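These notes concern the structure reproduced below.
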Protein chains: 4
Amino acid sequence: MTTQRKAPDAARRNEAARRAILTAALDLAGEVGYARLSIEAIATRAGAGKQTIYRWWPSKGAVLFDALLMLSEGQDDQPADLPDTGDLEADLKTVLRATVDELNDPRYSEPMRALAIEILLDPALAADFAERLDEPMRELKRRRLRRAQQAGDLGPGVDLDVAVDLLWGPLKNRWLHREGPLTTEFADTVVETALNGLRPGQSSSSTSR
Amino acid sequence: MTTQRKAPDAARRNEAARRAILTAALDLAGEVGYARLSIEAIATRAGAGKQTIYRWWPSKGAVLFDALLMLSEGQDDQPADLPDTGDLEADLKTVLRATVDELNDPRYSEPMRALAIEILLDPALAADFAERLDEPMRELKRRRLRRAQQAGDLGPGVDLDVAVDLLWGPLKNRWLHREGPLTTEFADTVVETALNGLRPGQSSSSTSR
Amino acid sequence: MTTQRKAPDAARRNEAARRAILTAALDLAGEVGYARLSIEAIATRAGAGKQTIYRWWPSKGAVLFDALLMLSEGQDDQPADLPDTGDLEADLKTVLRATVDELNDPRYSEPMRALAIEILLDPALAADFAERLDEPMRELKRRRLRRAQQAGDLGPGVDLDVAVDLLWGPLKNRWLHREGPLTTEFADTVVETALNGLRPGQSSSSTSR
Amino acid sequence: MTTQRKAPDAARRNEAARRAILTAALDLAGEVGYARLSIEAIATRAGAGKQTIYRWWPSKGAVLFDALLMLSEGQDDQPADLPDTGDLEADLKTVLRATVDELNDPRYSEPMRALAIEILLDPALAADFAERLDEPMRELKRRRLRRAQQAGDLGPGVDLDVAVDLLWGPLKNRWLHREGPLTTEFADTVVETALNGLRPGQSSSSTSR
DNA sequence: CGGTAACCGAGACGGTACGTCCGGTCTTGAT
DNA sequence: ATCAAGACCGGACGTACCGTCTCGGTTACCG
């Protein structure tokens, strides 16, 4: 269902094997971490032949990617859009807190970190990931911010991509580089600081210290 | 000169071999990228025995770390502090533009990316790196911002670590994840946006440029 | 038409597929030799499914066996008996020279060698081959020699099986083990030497030729 | 010590590993037969890495070859020549009976059969084997027969190579193709028949039936 | 000033995993 | 029910590196 090597007949695909492989990949990523994750181990754990993996996925990273997509599917009614209650700050905090919770869930966190590392190693996977997950997500974020800008909640000159970086980047960094604990308080502080700016100003009241 | 395993006699160390190994690591990281960088290849390229590497460094990442330190030494009169002309915005732009230039220099960029990935994989290396490079650098940044805060150029309630994340994080992300071109314009925009905040305000000098 | 696994309905068998498979086996044996001959390649070359092979033959060797039988059919009016002109030496030379010619024909030689090797590896195939081809042939040879013995052209104490080994064995060895060129002169020499024995005697017509 | 791939440093070779590998190959050949003999299994059984095998031997057959040489060494005081008591028939029977005994020894027989099959599959191995074992042995046989010829015990016109084929070939065939029980009686009969020839003659008295 | 203890290049070693090939079985759709 | 097609599990292939281990040879300290 992901990037393919040489057109195997997708219709004949064994769905049970696919799920077993993705589940095994998820489990192993959680158990041993990226550095020791091997295709051989995934195949063995899944009770599958290695060729079955190589037939459908071009790399370890592609397996992880699909595995995480599988994990997301069963549960979400696809969040077609970010919340928009009219209160930008509250909405952003809601979204970022949810992200914090997800990144603190070990079921997601380790496989995701493994995928993130694979993406750094494999440009082809990076492109695939950017196109199919990262860019759509960023577009959702940009859209919400654009509405805020039109409503006058964001400065008219603000570059929306930079705004996204300022809001979501710190979370991603803390998580990926394990630079500190990932709490909802941190998420709130980031939102407030990014919105109000670092300079002293009239609106620097917020909830913050 | 870095983390050591079991007390080899540093006095007897062959400096020529050390430099050959670090240079080989640097070159190879630039040529083949992290994914294909192997200790075996470094040893061969350096004309060194593998044992000579294992004797002095605990991991591939530690070699890269030292290699980058070697690269930095010959050139800098160690910047003991960040510039402080009194104009925070200008100072920050100066520093971030320099960072952009460094990250765009292929001599640094590929080995650094390789090191960054190693750090994600190896907690021991991560700790070493944090202690010896990352935390001191962050302290420098915090110090400059603290002075700005005392001078009233930063809001009194601003969390300095968050401030550092907001200012330096977007650069690091763009570079590491190859999310887009790394330009001095981008650096400037990040500084302005982070300082002024995303909300509309009296000081929205953002668009002016 | 050969050894079967579990009663497939021979009546419904696709004759075209059978011929395509046997032809492909013959061709491939000639082209790549036994060591690289695979059922997969035969199926692909024949445009047949692997299952079609496994349905009708128990092993690669069985395919080769049938393939060689097919090759022999189109041409011979089954030699029900060895020639018997009354002149034993002349008759034996006639037969062995024919064998030499056959073994020098590349169409036969490589597939036959492949079959011979399969037989060494697979006792079941060996039994099948012995029963259906080798033993009948040997009986033909024994019968001719028995008549010669009755006619007084063979010593009364001679073990006919040993005689067959002495006459036909050297040819088989030279061919299978590529121990030297396989010529009609060699066949003649073998016949003469085997008949007259190695000891010097009155009938040492050996050198005369 | 045999055919090598790319000049590894033979001086540094680990003799213990070499012996473990050869012994494992011998044992496995005896236990599972050629068809299921794998380099992987040899390495595992020997407690060696696969690379250690590939470093020193070009193929499975080369390992077997060396293994059999090792087996022959410890025991024989290299038979520099075939026995020559003056009685050709007796000497030949002595030698062939010894061969029969060796071929009936399961320690030798299965590995030897495995080697014989490898030789049929691998021309490079065949050449190596011919040069280093088969041809020297054949020369020994030829030499003994040449002396017999000079002594008048062999017809002057007899081709010595054919003579060797007639004497030793039947044994090799019976053994390799499992065409019947390999007994000392069979060896005796072959010698007598080959010496006296198949034709009736004055000297066809012998011990035979 | 000669012995010895560390270094060094080289590379063999036991292993793990790679990505590929093929064996033999099973499944699908069409004839 | 056979057939072409080909997915599937599994086992072995031959290769690349890992990290450890010897081997001689070469410093450089120390008695």
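All of these numbers come straight from a predicted model, not from anything done at the bench. So you know, we letter chains A, B, ... as the sequences are listed, proteins then strands, and number each from 1.
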If I take atom [atom1] in residue [X] and atom [atom2] in nucleotide [N], what distance separates them, rounded to the nearest angstrom?
X        : N      : atom1 : atom2 : answer
C:Ile39  : F:dG11 : CD1   : P     : 19 Å
C:Arg13  : F:dA4  : CZ    : P     : 11 Å
A:Trp57  : E:dC18 : CH2   : C1'   : 18 Å
C:Ile53  : F:dA4  : CD1   : P     : 9 Å
B:Asp122 : F:dG19 : CG    : P     : 10 Å
A:Lys60  : E:dT16 : NZ    : P     : 16 Å
B:Ile42  : F:dC18 : CD1   : C1'   : 13 Å
B:Glu15  : F:dA28 : CD    : P     : 13 Å

What are the two closest heavy atoms between [X] and [Y], and how far apart are they?
X        : Y       : result
A:Leu37  : A:Ala25 : CD1-O, 4.4 Å
A:Leu121 : B:Tyr34 : CD2-CD2, 3.0 Å
C:Leu115 : C:Gly61 : CD1-O, 3.5 Å

- [ ] Report the residue (C:Gln51 or A:Ala46) whose heavy-atom-nearest nucleotide on DNA chain F is the more 5′ of the two.
- [x]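 It is C:Gln51, whose closest nucleotide lies nearer the 5' terminus.
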Task: First of B:Glu40 and C:Ala17 reached from the 5' end of DNA chain F, by closest nucleotide - done: C:Ala17
Reckon [X] has a side-chain N or O less than 4.0 Å from the OP1 or OP2 of [N]?
X       : N      : result
A:Thr52 : F:dC9  : yes
D:Arg55 : E:dC13 : yes
B:Arg12 : E:dA5  : no

In terms of side-chain heavy atoms of [X], which of [options] is nearest?
X       : options               : result
B:Pro8  : E:dC13, E:dG14, E:dC7 : E:dC7
C:Trp56 : E:dC8, F:dC3, E:dC13  : F:dC3
C:Tyr54 : E:dT20, E:dG23, E:dG9 : E:dG23

- [ ] Report yes or no: is there a donor-acceptor pair, N or O only, under 3.5 Å between the side chain of D:Lys50 and the base of F:dG14?
- [x]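 Per atom types, the contact qualifies.
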TODO: Could you say whether A:Ala41 or B:Asp9 is positioned toward the 5' end of DNA chain E, judged by the nucleotide with the nearest heavy atom to each?
DONE: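 Nearest-nucleotide comparison on DNA chain E picks B:Asp9.
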Task: Residue whose nearest DNA chain E nucleotide is more 5′ - D:Ile21 or C:Ser38 - done: D:Ile21
TODO: Spell out, as yes or no, whether a donor-acceptor pair under 3.5 Å connects the side chain of B:Lys60 to the backbone of B:Glu118.
DONE: no
Task: Donor-acceptor contact present, side-chain A:Thr52 to main-chain A:Ala48, <3.5 Å - done: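 Between the backbone of A:Ala48 and the side chain of A:Thr52 there is no qualifying donor-acceptor contact (under 3.5 Å).
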